[in-house]
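These notes are about the structure you will find just below.
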Number of protein chains: 2
Amino acid sequence: MGKTRSAPTLNDVAREAGVSTATVSRCLNSPERVIESTRQRVLQAVESLGYTPNFAAQVMAAKRSFTIGAIIPTMDNAIFARGLQAFQDQLREAGYTLLVSSSAYDPEAEHEQIRTLVARGADGLLLIGHARRTDIYDYLERHQVPSLVAWSYEPEAVRPSVGFSNSGAMCELARRVLAAGHRRIAIISGITKGNDRAQARVSGIHQALLDAGLAADELPLIETPYEIDKGADAFARLMALDPRPTAVMCGNDVLAAGALREAQRLGISVPEQVSVTGFDDIEIAGIVHPALTTVHVPHREMGRKAACELIAMVEGRSPGKSVCINTHVVTRHSLAPPAEA
Amino acid sequence: MGKTRSAPTLNDVAREAGVSTATVSRCLNSPERVIESTRQRVLQAVESLGYTPNFAAQVMAAKRSFTIGAIIPTMDNAIFARGLQAFQDQLREAGYTLLVSSSAYDPEAEHEQIRTLVARGADGLLLIGHARRTDIYDYLERHQVPSLVAWSYEPEAVRPSVGFSNSGAMCELARRVLAAGHRRIAIISGITKGNDRAQARVSGIHQALLDAGLAADELPLIETPYEIDKGADAFARLMALDPRPTAVMCGNDVLAAGALREAQRLGISVPEQVSVTGFDDIEIAGIVHPALTTVHVPHREMGRKAACELIAMVEGRSPGKSVCINTHVVTRHSLAPPAEA
DNA sequence: ACACTATTTGTAAGCGCTTACATCAATAAT
DNA sequence: ATTATTGATGTAAGCGCTTACAAATAGTGT
């Protein structure tokens, strides 16, 4: 059938259909601008040759890729999975493709990934959190690539963002812990350096204590990467403290899951002997034993809204506005009043 | 400073450094072919202009992208995460970038993604499992894109693959279950249609029964997507059977985690009243209670080896050979002898 | 000094596509 | 009948890069 053994190009299709390359291109990109009969002929040629447009060539010629890039700190656990899935689904609906890469919580790596994604022709970028060098935004501006921050909402931030108040949410959870009667509270936080969300979560706890008229700065606090094993280690260290905390608030559900696992290993019963809380309400929160009391983040809603906003920015329909998503505490079994002193 | 407000091109750099575009290109791609003094000048121009090469243009001109594509059935859970991470790490070491997309276990979607990735200039593709239409391979061949199958090793398969024997591994696990004394065994399998791994896992169980001289075809079997909730539902249905199975073998750890959660909800104690097994040994297997007896798959090793092999294929150093990875059963607490009848 | 080779750099032809503009035919308006 | 208008299609100029080939320069051996 086909004359050559290698991949067909627009030119081959044009020849096969007896039209110009412009017409073929139009058939594929704005079919209404081509008369029915011609279109038939062209589409048939496309079909019979098994033609697929060369993406790089399209991007180069059109300076438009219908691709959105997202750089998340990690793919290792499920923290970002659900939100990103929703983000992607919404993008797809609008005809965009998502390219994801992870920075391993390293600002330099993130910078690198941003350049890579832009070089690959991303029309817009989704970034996590506000904390990063400002010259990156200059770079994006020069390349005319709009960017949107997610997973974090700060009223005073200049850049547009679709997220939630990490401090507010954690503050509310801390209030519950206080209301349950806990006074010896310890924190297992994610690494706060370069992570505004982790910072905000810790400060949310502090805020709750201050609001309650308690000293906030002497809470035992361990910072550690968001990994199950690290959460377990940190919990073990906290349990060795004297006096031992009656409640351990974790920076997210992954750390909390680690804490719970360690509690079990140590024979410390949760919540009878010590309470544990998480953050995010990812799947694992409902599976561990006891099920975690945590902050529910509507990840899907956030992902969807971020997609809509970013697309609007890319298409020049919006200069970039910020959206605040509401979170709420979900009460399960890992938080209970402390054993009487 | 810079004269224009928009992104600098090779040309701008060349002008700034007072050399030709060819020299700039060489400086960036094969520095040893350019004399030191010139290189200095060029690199400085690159630096001062903040130049980043345009990827689409590079791909077009070089017909090489140093990009590998991977299409996995799902990103929703961690099944593929670890292996893919190792795959990516190894790729990066060799100077390649990984592009991942997910097919949602839909063959049509997979086909679509393959075309997309090829159109984007992927130099090679990682595919999961052997089951797919053969015309896809023709397409890949025409575009001269080598592909490698992972997560599955079938001695008789034509295509190269880096994986493990799903049936063999599951067969071994089933032997343990039988050795523990179980005879009323039920299966919660993933959807087997279009999924050779799920099929092989079920047939591994059958094989073990046959080897033990037992009837294999009347085992209760529920097929359901790999989701926690689905595993829970399936487990509930199985527990309603009369006689009730004494062991439930799950197609993977995610289903098993769901089963465990449901067991707890139903007040059925594992492993005292019923044993549960998983497959994969992902992180969750050690976190659930009781910890899962499951098949350990060396995902990292598989990912690494797959990367090495695929790169060798892309670079024409290998026609594509198959590698079999060894798995082993890891004994934890979810499997025990049945309560006496 | 010469021819010859090796090294460095420049020239320019694409890679496969999109799109502004030109062309042409057909229809509507005068 | 003539001109303006609209719609379908063709022409060709890039998009930003790589690389074969040509040219120029420097180094070598005789």
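What you see is a predicted model, and the numbers here were worked out from it, not measured in a lab. No hydrogens, no waters, no symmetry mates; every other heavy atom, side chains included, goes into these values. In what follows, every chain begins at residue 1, and chains take the letters A, B, ... in the order their sequences are listed.
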For nucleotides 24-26 of chain C, give me every protein contact, N/O to N/O, under 3.5 Å, one pair per line with atom names.
none

Please tabulate, one pair per line, each protein N/O and nucleotide N/O from nucleotides 23-28 of chain D that are separated by under 3.5 Å, including the distance.
none

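Taking CD1 of A/Ile325 as the start and CH2 of A/Trp151 as the end, the distance is 10.5 Å to the nearest 0.5 Å. Separation of atoms OG (B/Ser161) and CG (B/Asp196) is listed at 9.5 Å; rounding is to 0.5 Å. Distance check: B/Glu47 CD to B/Glu16 CD gives 12.0 Å after rounding to the nearest 0.5 Å. The distance from the CZ atom of A/Arg115 to the OG1 atom of B/Thr52 is 3.5 Å, given to the nearest 0.5 Å.
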Take nucleotides 14-21 of chain D nucleotide by nucleotide from the 5' end and write B, S or -, depending on whether a protein heavy atom sits under 4.0 Å from the base, only from the sugar-phosphate, or from neither.
BBBBBB--
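Residue contacts shown for A/Val59 are absent, as no nucleic acid heavy atom lies under 4.0 Å away.
Judged as a salt bridge (Lys or Arg N to Asp or Glu O under 4.0 Å), the pairs with a partner in residues 95-110 of chain A (not counting sequence neighbours) are, in order, A/Glu108-A/Arg133, A/Glu110-A/Arg132. Residue pairs satisfying the ring-ring contact (aromatic ring centres under 6.0 Å, His included) criterion with at least one member in residues 119-139 of chain B, sequence neighbours excluded, are listed as follows: B/Tyr139-B/His143.
Side-chain contact between B/Pro8 and A/Arg142: present, with at least one pair of heavy atoms (C-beta onward) separated by less than 4.5 Å. Side-chain atoms of B/Ile128 and B/Val149, non-hydrogen and from C-beta on, never get closer than 4.5 Å to each other. A heavy-atom distance below 4.5 Å is found between the side chains of B/Leu99 and A/Arg120.
By the salt bridge (charged side-chain N to carboxylate O under 4.0 Å, His left out) test, B/Lys63 pairs with no residue at all, sequence neighbours left out. Under the rule for a side-chain hydrogen bond (donor to acceptor under 3.5 Å, both in side chains), the partners of A/Glu301 that lie at least two apart in sequence or sit in another chain are A/Lys305. For B/Phe164, there are no ring pair (Phe, Tyr, Trp, His ring centres under 6.0 Å) partners, not counting sequence neighbours. A/Glu32 is linked by a salt bridge (charged side-chain N to carboxylate O under 4.0 Å, His left out) to nothing, counting only residues two or more places apart in sequence or in another chain. In this structure B/Phe66 satisfies the ring pair (Phe, Tyr, Trp, His ring centres under 6.0 Å) test together with B/Tyr96, sequence neighbours excluded.
Computed from C1' positions of five pairs at each end, the angle between the two local axes of the helix from C/dA1-D/dT30 to C/dT30-D/dA1 equals 40°, rounded to 10 degrees.
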Go through it in stages, so that I can follow the logic: the residues are A/Thr23 and A/Thr21, the test is side chain to side chain contact (heavy atoms under 4.5 Å, CB included), and I'd like the CA-CA distance, side-chain angles, deciding distance and then a yes or no.
CA-CA 5 Å; A/Thr23 300; A/Thr21 60; over 6 Å; no
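Residues of residues 35-45 of chain A having a heavy atom closer than 4.0 Å to DNA chain D, listed by number: A/Ile35, A/Thr38.
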